[in-house]
Amino acid sequence: GGVTCSANEYSDGGACTDCPADSSSAEGSTAIEECTCDTGFEGTPGSTECTCAPGWYSLQGVCALCGTGEYSTTSSLAADASACLSCPSRTSSPEGSSLLTECVCVAGYRASQNGVACSACVAGKYKTATGTGVCSSCPAQSSSSAGSTAISDCACEAGYTGTPGTSSCIEDCDAGTYQVASSCTACTAGTYSSSVGAVSQS
């Protein structure tokens with residue numbers, strides 16, 4: 001029998017030859033086509049040139065993932081992270097993204113599609129999820145600042161009290177009235193309330 005070549009080599013007519021740069025093979029490979037590009041590289045098996053795959057860039061001869069909030073759509077041997085492009089405004093992407101559409105709106109921002117700059121949810125609305133989607137309205141008698149990311153950002157408006165982010169914003173009662181459920185009731189004859197926001201007659 002013939003010679004058995006080590007990993008990262010192939011048999012070339014009886015002698016063992018190293019796989020091309022940035023590629024490897026299993027032990028016992030018998031043809032250059034069994035040399036495949038290493039992780040992060042791409043190219044035709046047996047090719048003499050493996051390049052960094054989309055979503056990767058060349059870092060001192062090794063392919064490295066583009067960072068969070070970046071993407072790369074082309075194969076490249078660029079010598080630095082310049083192959084990775086920044087996502088549009090108010091979007092982010094996972095590490096190693098290879099498509100512009102992997103750039104999605106961050107929470108509190110919206111767009112009709114992925115891969116475009118996103119706009120803040122207007123005051124009085126919030127959005128907890130990333131990606132496309134609509135902004136949700138704050139509960140009645142509450143509001144939030146633009147770009148809010150949670151219902152808990154919705155605070156009761158002036159003249160109302162309650163727990164932020166709940167539907168329990170109720171009207172502050174004027175002096176001479178007190179709170180019953182969600183409405184203000186006049187104090188009975190012969191009694192009074194000197195404080196604003198009273199919740200009982202006593």
Side-chain angles (χ1 to χ4, degrees), residues 22-24 36-45 47 49-172 181-182:
D22 306 317
S23 67
S24 54
T36 56
C37 293
D38 295 334
T39 301
F41 288 89
E42 69 174 10
T44 307
S47 169
E49 184 173 279
C50 293
T51 58
C52 292
W56 299 72
Y57 68 97
S58 179
L59 179 65
Q60 298 172 342
V62 176
C63 290
L65 288 168
C66 289
T68 301
E70 298 178 328
Y71 70 100
S72 169
T73 59
T74 58
S75 300
S76 172
L77 282 177
D80 58 32
S82 66
C84 302
L85 306 173
S86 293
C87 283
S89 176
R90 306 293 187 210
T91 66
S92 191
S93 65
E95 195 175 48
S97 293
S98 60
L99 298 169
L100 173 60
T101 53
E102 291 181 70
C103 298
V104 300
C105 294
V106 297
Y109 289 79
R110 62 169 189 77
S112 59
Q113 63 188 37
N114 292 327
V116 298
C118 299
S119 304
C121 292
V122 297
K125 294 187 177 245
Y126 66 95
K127 183 171 161 273
T128 57
T130 58
T132 59
V134 297
C135 301
S136 301
S137 294
C138 286
Q141 284 80 47
S142 67
S143 192
S144 64
S145 58
S148 291
T149 61
I151 192 171
S152 58
D153 293 335
C154 299
C156 293
E157 295 171 346
Y160 293 86
T161 57
T163 306
T166 67
S167 56
S168 67
C169 291
I170 49 180
E171 189 174 4
D172 285 334
S182 61

Determine the minimum heavy-atom distance between [X] and [Y], stating which atoms define it.
X: S144; Y: K125; value: OG-O, 3.0 Å
X: W56; Y: T39; value: CH2-CG2, 4.0 Å
X: L65; Y: Y57; value: O-CE2, 3.4 Å
X: K127; Y: Y109; value: NZ-O, 2.7 Å
X: A123; Y: S143; value: C-OG, 4.3 Å
X: L99; Y: T73; value: CA-CG2, 4.3 Å

Quick check for you: to the nearest 0.5 Å, what is the distance between [X] atom [atom1] and [Y] atom [atom2]?
X: F41; Y: C52; atom1: CZ; atom2: SG; result: 5.0 Å
X: E49; Y: S23; atom1: CD; atom2: OG; result: 11.5 Å
X: E95; Y: C66; atom1: CD; atom2: SG; result: 9.0 Å

Output all residues satisfying side-chain contact (heavy atoms from CB on, under 4.5 Å) with [X], sequence neighbours left out; order by chain, then residue number.
X: S24; answer: N8, D38
X: C156; answer: Y160, C169
X: A155; answer: none
X: T36; answer: P45

Under 3.5 Å donor-acceptor, [X] side chain and [Y] backbone:
X: T91; Y: A117; result: no
X: S93; Y: G69; result: yes
X: T132; Y: N114; result: no

Quiz item: Is there side-chain contact between L100 and P88, with at least one heavy-atom pair below 4.5 Å?
Solution: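 A side-chain contact exists here, since the closest heavy-atom pair is under 4.5 Å.
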
Quiz item: Hey, are the side chains of C63 and D22 touching, using non-hydrogen atoms and a 4.5 Å cut-off?
Solution: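 The answer is no, as the side chains (C-beta and beyond) never meet within the 4.5 Å cut-off.
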
Exercise. Dump the intermediate steps for side chain to side chain contact (heavy atoms under 4.5 Å, CB included) on S92 and T68, then the final yes or no.
Key: CA-CA 7 Å; S92 191; T68 301; 3.6 Å; yes

Exercise. With sequence neighbours excluded, tell me which residues meet side-chain hydrogen bond (donor to acceptor under 3.5 Å, both in side chains) with R110.
Key: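 Residues passing side-chain hydrogen bond (donor to acceptor under 3.5 Å, both in side chains) with R110: none at all.
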
